[in-house]
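Here the structure is laid out as structure tokens; the discussion comes afterwards.
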Amino acid sequence: MHPRSNLFHGKFRLGNFCPQSKHAFRPFSSDETPLPTVAELISKQLWKQLKSHLLNGGPATTLLQQLLDSKTDPDLTLRYFKWSQKEFNLSHSLENRCKLLHSLANAKRYSKMRSFLNDFAKYENSVSVSSIFHAISICGDSFSATSLIADMLVKAYLYNMKTNLGFEVFKRAGDYGYKLSVLSCNHLLSALVKENEIENVEYVFKEMIRRKIEVDVSTFNIVINGLCKVGKLNKASDVIQDMKAWGILRNIITYNTLIAGYCKKGRIGKMYKADAILKEMIASEVRPNEITFNILIDGFCKDENVPAAMKVFKEMQTQGLKPNVVTYNSLIYGLCSEGRIDEANGFLDEMVRLDLKPNVATYNALLNGLCKKGKLKEATDFFDDFVKKGIAPTVITYNTLIDAYCKGGRMEDAFALRESMINRGILPDVSTYNCLIGGLGREGNIRVVRKVTSEMLNKGLKANVITYNILVEAMCKEGESRKAARVLDEMVKTGISPNHVTYNTLMDGYCREGNLRAALNVRTQMEKEGNRPNVVTYNVLIKGLCMKGKLEDANALLNDMLEKGLIPNRTTYEIVKEEMLEKGFVPDIQGHMYSISGS
DNA sequence: ATAGGGTTAG
């Protein structure tokens, strides 16, 4: 019973209702005086009268039941539903709510259904999806109406950020055979992509095809984007081939998504791949746009290949496409990360001349350039300057500056900056704390590292893989690799997957403590978790072996590394030079190393 | 509903 059902103490006479009659709906005409019908009371919004009727007449829930059974106009029933819910603070039964939905569906009151379901998704947290499906399937006999309700329910959950429930509805809809629209499924896919649930993305996509939902170009684009986001670039390329096989035309977004995927997540030769996709795109008669060029320019800049970026920049203009703020920001970022601050400033002037307004990202890139050069004073002045000019700093601006202070060993100033950002109404995020925790770790201040970390967690911020990597490194720096290993266990328990950096850092810690056996165990563990050793892994182990004087074993690892198709880098070369060649040991791959040292 | 720029870890 409803807690407030004692309100309905009046005599409720069921016999006064005439469920069969649509029009003569006179529940309270116990005397001969003609009374307005309930329908009239609702349509004239005479709520006070209705309330007194109900208080004398009986439970409001039963009245809803009567309205539904009598096939009263669904608009009126909905009005009564809302009013009674508010007035009596009651919650109508799931079945009656589903009946109401069905009657709205049959009367094509779609926007009313949408807002009804939106409220449901927003406020109703205790009803399971399986009971909803049971109710909607028994409360109406129109298959298409039921499908529509399920379809709208997916969107309602997604709109209210309840992706998992939207996904649940998708699965149940399959069990019941209800057909969802491609639009809702696309919404669901993109929500799953945002939450990095790539397995569910692939599942939904396959299911859509199995259920014969007409997938469209957006469906494919969203899936490609999801695959790119988690670095499954080959699979993303395969999807493009599938589109061709299905006869679905690729559009500009399809290609831009894949090119951006290679630029961001691709490894060696990624820009070569990106260029190949560009060529295929042109062959498929899809013309690159500003965004395509921006993606390529940014990719080359991040690849530390500013000359190539400049070439694309020129080509873009040759094609008659105008560079915009994003274009310039990428170039400025690229120049700054090579330390070419003056040239970056030249581009800043150029964009102003072209009437392009530099934004906070432009200034952040320049600020970062100054910070990475260790020019703390200039960076601070520059920051004050552009803030005075009216550019609103963001959390990234502060993080850039805070990190610079931390790396400069000025922890007190860094914490003061955290205070000033809070005063400005900008809340520190995980990255802010990562910078601070990293700075404290470098100082070897483990006690404060712990304190600030728990402070972060207490503020409701979640530690991410970078946070844990910083903690692992901090422990290792203090010669506490065993404790670092426990941090790794803890992160796994929290549901965060360690990555290469995590394992490599821990291995490095063990190697520096001379515990090679433990380091090799970590490699076994990382492989078991599906992380193949990379160049850094080999560098760490080779150095560890060299330090122990096991030059033959180190040599074997070098060969192993080449066999695995990994290309030694500068650090590998440094290790070989200092730890092997200078000790008179010539590794098998010395010739190979020579070519690296020159690059 | 799907594509581009700025911060943090080896």
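Chain letters run A, B, ... following the sequence lines, proteins first, then strands; residues in each count from 1.
- The residue A/Ile253 sits close to a base: some heavy atom pair falls under 4.0 Å.
- For the side chain to side chain donor-acceptor pair (under 3.5 Å) criterion with A/Asn294, the lone passing option out of A/Asn329, A/Asn256, A/Asn324 is A/Asn324.
- Heavy atoms of A/Ser218 sit under 4.0 angstrom from at least one base atom.
- The distance from atom CD1 of A/Ile222 to atom C1' of B/dT2 is 5 Å, rounded to the nearest whole Å.
- Defined by atom type and a distance below 3.5 Å, a donor-acceptor pair is missing between the side-chain atoms of A/Asn539 and A/Thr571.
- In the interface, the side chain of A/Ser431 is paired with the base of B/dT8 through a donor and an acceptor atom under 3.5 Å apart.
- Checking B/dG5, B/dT8, B/dT2 against every side-chain atom of A/Asp403, the shortest atom distance belongs to B/dT8.
- Here A/Lys372 does not reach the OP1 or OP2 of B/dG6: none of its side-chain N or O atoms lies under 4.0 Å away.
- With hydrogens and angles left out, the side chain of A/Asn324 and the base of B/dG4 share a donor-acceptor pair within 3.5 Å.
- We find that A/Lys407 and A/Asp403 are joined by a salt bridge, their nearest charged nitrogen and carboxylate oxygen being less than 4.0 Å apart.
- The nearest whole Å value for the distance from the CG atom in A/Leu188 to the C1' atom in B/dA1 is 11 Å.
- For A/Thr257, the listed nucleotide lying nearest its side chain is B/dA3; candidates were B/dG5, B/dA1, B/dA3.
- In the set B/dG4, B/dA9, B/dT7, the nucleotide with an atom closest to the side chain of A/Ile291 is B/dG4.
- Side chain of A/Asn289, nearest nucleotide from B/dA1, B/dA3, B/dG5: B/dA3.
- A/Phe170 and A/Tyr203 have perpendicular rings, their planes meeting at more than 60° on a 0 to 90° scale where under 30° would count as parallel.
- Counting non-hydrogen atoms under 4.0 angstrom, A/Asn539 reaches nothing in the nucleic acid.
- Computed from coordinates, the A/Leu258 CG to B/dA3 C1' distance equals 11 Å when rounded to whole Å.
- At whole-Å resolution of the value, CG in A/Leu321 and P in B/dG4 are 18 Å apart.
- Note on A/Lys477: every side-chain N or O is 4.0 Å or more away from OP1 and OP2 of B/dG10.
- Taking only side-chain nitrogens and oxygens, A/Asn368 comes nearer than 4.0 Å to OP1 or OP2 of B/dT7.
- Side-chain N/O atoms of A/Asn469 include none lying less than 4.0 angstrom from OP1 or OP2 on B/dG10.
- Every salt bridge (Lys or Arg N to Asp or Glu O under 4.0 Å) that A/Glu480 has, sequence neighbours left out, goes to A/Lys483.
- Rounding to whole angstrom units, CG of residue A/Leu183 and P of B/dT2 are separated by 11 Å.
- Counting heavy atoms from C-beta outward, A/Asn569 and A/Tyr573 have side chains that stay 4.5 Å or more apart.
- No engagement by A/Val465 is indicated, since no non-hydrogen atom pair under 4.0 Å with the nucleic acid exists.
- There is a side-chain donor-acceptor pair under 3.5 Å between A/Thr380 and A/Tyr405.
- Straight-line distance from the CG atom of A/Leu192 to the P atom of B/dT2: 13 Å, rounded to whole Å.
- A/Lys302 has a side-chain polar atom (N or O) that falls below the 4.0 Å cut-off from OP1 or OP2 of B/dG6.
- Computed from coordinates, the A/Tyr328 OH to B/dG6 C1' distance equals 18 Å when rounded to whole Å.
- Within a heavy-atom distance below 4.0 Å of DNA chain B, no residue of residues 150-161 of chain A is found.
- Checked against side chain to side chain donor-acceptor pair (under 3.5 Å), A/Asp298 has the following partners two or more places apart in sequence or in another chain: A/Lys302, A/Ser330.
- Atom CG of residue A/Leu366 and atom OH of residue A/Tyr363 lie 8.0 Å apart, to the nearest 0.5 angstrom.
- Among the heavy atoms of the strands lying under 4.0 Å from A/Val325 is at least one base atom, whether or not backbone atoms are also near.
- Interface residues of residues 498-505 of chain A facing DNA chain B, ordered by number: A/Asn499, A/His500, A/Val501, A/Asn504, A/Thr505; criterion, heavy-atom separation under 4.0 Å.
- Taking only side-chain atoms of A/Asn256, from C-beta outward, the nucleotide of B/dA3, B/dA1, B/dG5 with the closest atom is B/dA3.
- Among the nucleotides B/dA9, B/dG5, B/dA1, the one closest to any side-chain atom of A/Glu473 is B/dA9.
- Among the atoms of the strands shown, none is found under 4.0 Å from any heavy atom of A/Lys229.
- Proximity note for A/Ala361 (side chain, C-beta onward) versus B/dA3, B/dA9, B/dG6: the nearest is B/dG6.
- Rounded to an integer number of Å, the gap from CD1 of A/Ile426 to P of B/dT7 is 16 Å.
- Here A/Lys270 pairs with nothing under the side chain to side chain donor-acceptor pair (under 3.5 Å) rule; sequence neighbours left out.
- Across all strands, A/Thr397 comes closer than 4.0 Å to no nucleic acid atom at all (heavy-atom distances).
- Every residue meeting the salt bridge (Lys or Arg N to Asp or Glu O under 4.0 Å) condition with A/Lys244, not counting sequence neighbours, appears here in chain and number order: A/Glu280.
- Residue A/Asn464 is out of contact with every strand shown, counting any heavy-atom pair closer than 4.0 Å.
- For A/Met547, the CE atom sits in a loose shell: 12 or fewer heavy atoms of surrounding residues, nucleotides or ligands are nearer than 6.0 Å.
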